[in-house]
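The figures here come from the full heavy-atom set of this structure, side chains too, leaving out hydrogens, waters and symmetry mates.
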Amino acid sequence: MGVPVSVQSDDMDHVWVETGRARANLVPAAARTVEPSAVPLMNIANILTVARILIVPLFLLALFAAGGHETGWRIVAAALFGVAAITDRIDGQLARKYGLVTDFGKLADPIADKALIGSALIGLSMLGDLAWWITLVICAREIGVTLLRLAVVRRGVIPAGRGGKLKTLVQSLAIAVMVLPLSGMFETAGLLLMYVAVALTVITGLDYVVQAARLRFGPGS
């Protein structure tokens with residue numbers, strides 16, 4: 001009979017550990033995954049978004065200062081609006097370029113945009129510088145598109161197209177011109193630009209309705 005050989009548990013553990021190491025070394029480097037570091041919440045893109053939200057009340061204070069038609073304050077209001085509009089352009093580019101996209105940014109960015117545009121339109125209408133029907137059309141479109149996106153979010157995301165980006169640009173330019181204390185042909189140009197913004201607002205809004213309908217009632221619905 002052979003002499004039984006006993007193996008201590010420490011020896012067995014050592015064997016398994018060494019075997020595990022050997023197998024790990026055989027795994028190609030390309031197959032090993034490295035968890036990406038978490039994107040910090042307060043990155044430069046989100047800071048710009050928060051700054052845009054904070055500018056909104058300052059803009060309104062300047063817009064309504066001294067009765068709402070004092071030249072100096074209107075220039076200050078236009079400058080604040082311009083700075084906020086520029087941050088809207090920059091923060092999105094930074095987030096995409098440097099991988100700074102966060103859930104907070106996805107939520108806060110559209111809120112900041114709508115707060116800025118909506119407050120400017122309502123403020124101008126309250127001062128009698130812009131017809132209320134224009135403000136109502138644009139605000140209704142923005143609220144409607146937001147509700148449409150929420151309604152079909154489980155079936156897909158409706159991306160912002162070139163038309164939507166052009167609409168936002170024209171809206172911002174029209175508002176900036178109308179906030180400035182201009183008169184004569186410059187004032188008329190601002191109003192015409194606002195009419196173009198309204199047309200783009202309606203057209204792109206209808207496009208969102210079509211896209212939402214395709215997601216809701218298309219194949220697989």
Original post:
With side chains defined as the heavy atoms from C-beta onward, is the minimum distance between M194 and I175 less than 4.5 Å?
Top reply: yes

Original post:
Any side chain to side chain donor-acceptor pair (under 3.5 Å) pairs touching residues 169-197, not counting sequence neighbours?
Top reply: Q171-T201

Original post:
Should V202 and V137 be marked as a side chain to side chain contact (heavy atoms under 4.5 Å, CB included) after you check the CA-CA gap, both sets of side-chain angles, and the distance that decides it?
Top reply: CA-CA 8 Å; V202 173; V137 167; 4.0 Å; yes

Subject >> Approximate separation, where rounding is to 0.5 Å, of L48 CG and I53 CD1 >> reply: 11.5 Å

Original post:
Just wondering, do K114 and V145 contact through their side chains at under 4.5 Å, heavy atoms?
Top reply: no

Subject >> Pairing residues for T102 by the side chain to side chain donor-acceptor pair (under 3.5 Å) criterion, not counting sequence neighbours >> reply: N46

**OP:** Answer yes if W133 and L193 sit in the same cluster of Ile, Leu, Val, Met, Phe, Trp and Tyr residues linked by side chain heavy atoms under 4.5 Å apart, and no otherwise.
**Re:** no

N/O donor-acceptor pairs under 3.5 Å from side chains in residues 118-127, not counting sequence neighbours:
| unit_1 | atom_1 | unit_2 | atom_2 | d |
| --- | --- | --- | --- | --- |
| S119 | OG | A115 | O | 2.7 |
| S119 | OG | L116 | O | 3.0 |
| S125 | OG | L121 | O | 3.2 |
| S125 | OG | L130 | O | 3.2 |
| S125 | OG | T135 | OG1 | 2.6 |

**OP:** Compare every heavy atom of F186 with every heavy atom of V177, then report the nearest pair and how far apart it is.
**Re:** CG1-O, 3.9 Å

Residues 54-68, side-chain donor-acceptor partners within the protein, below 3.5 Å, at least two apart:
none

Subject >> Nearest non-hydrogen partners of V179 and A78, listed with the distance >> reply: CG1-N, 3.6 Å

Original post:
With D113, which residues qualify under side chain to side chain donor-acceptor pair (under 3.5 Å), at least two apart?
Top reply: R52

**OP:** Answer yes or no: is there a side-chain heavy-atom contact under 4.5 Å between I47 and N43?
**Re:** no

Subject >> OG1-CZ distance between T204 and R141, expressed to the nearest 0.5 angstrom >> reply: 3.5 Å

Original post:
Is there a side-chain contact between L100 and D91 (heavy atoms, below 4.5 Å)?
Top reply: no

Original post:
Between I90 and I86, is a side chain to side chain contact (heavy atoms under 4.5 Å, CB included) present by the stated rule, with each step listed?
Top reply: CA-CA 6 Å; I90 295 175; I86 290 173; 3.6 Å; yes

**OP:** Determine, using the 4.5 Å side-chain heavy-atom cutoff (strictly less than), whether I138 and L206 are members of one ILVMFWY cluster.
**Re:** yes

Original post:
Is any side-chain heavy atom of P110 closer than 4.5 Å to a side-chain heavy atom of T146?
Top reply: no

Original post:
Distance from W73 atom CH2 to L80 atom CG, nearest 0.5 Å?
Top reply: 9.0 Å

Original post:
Is it the case that one hydrophobic cluster holds both L192 and M185, taking links as side-chain heavy atoms less than 4.5 Å apart, direct or via other members?
Top reply: no

**OP:** Tell me, please, which residues at least two apart from R74 pass salt bridge (Lys or Arg N to Asp or Glu O under 4.0 Å).
**Re:** D129

**OP:** Answer whether the closest heavy-atom distance between the side chains of I203 and D207 falls below 4.5 Å.
**Re:** no

Subject >> Non-hydrogen side-chain atoms of F81 and L180 separated by less than 4.5 Å >> reply: no

Original post:
Hey, quick one: are I143 and V209 part of the same hydrophobic cluster, counting side-chain heavy atoms closer than 4.5 Å, chains of contacts allowed?
Top reply: no

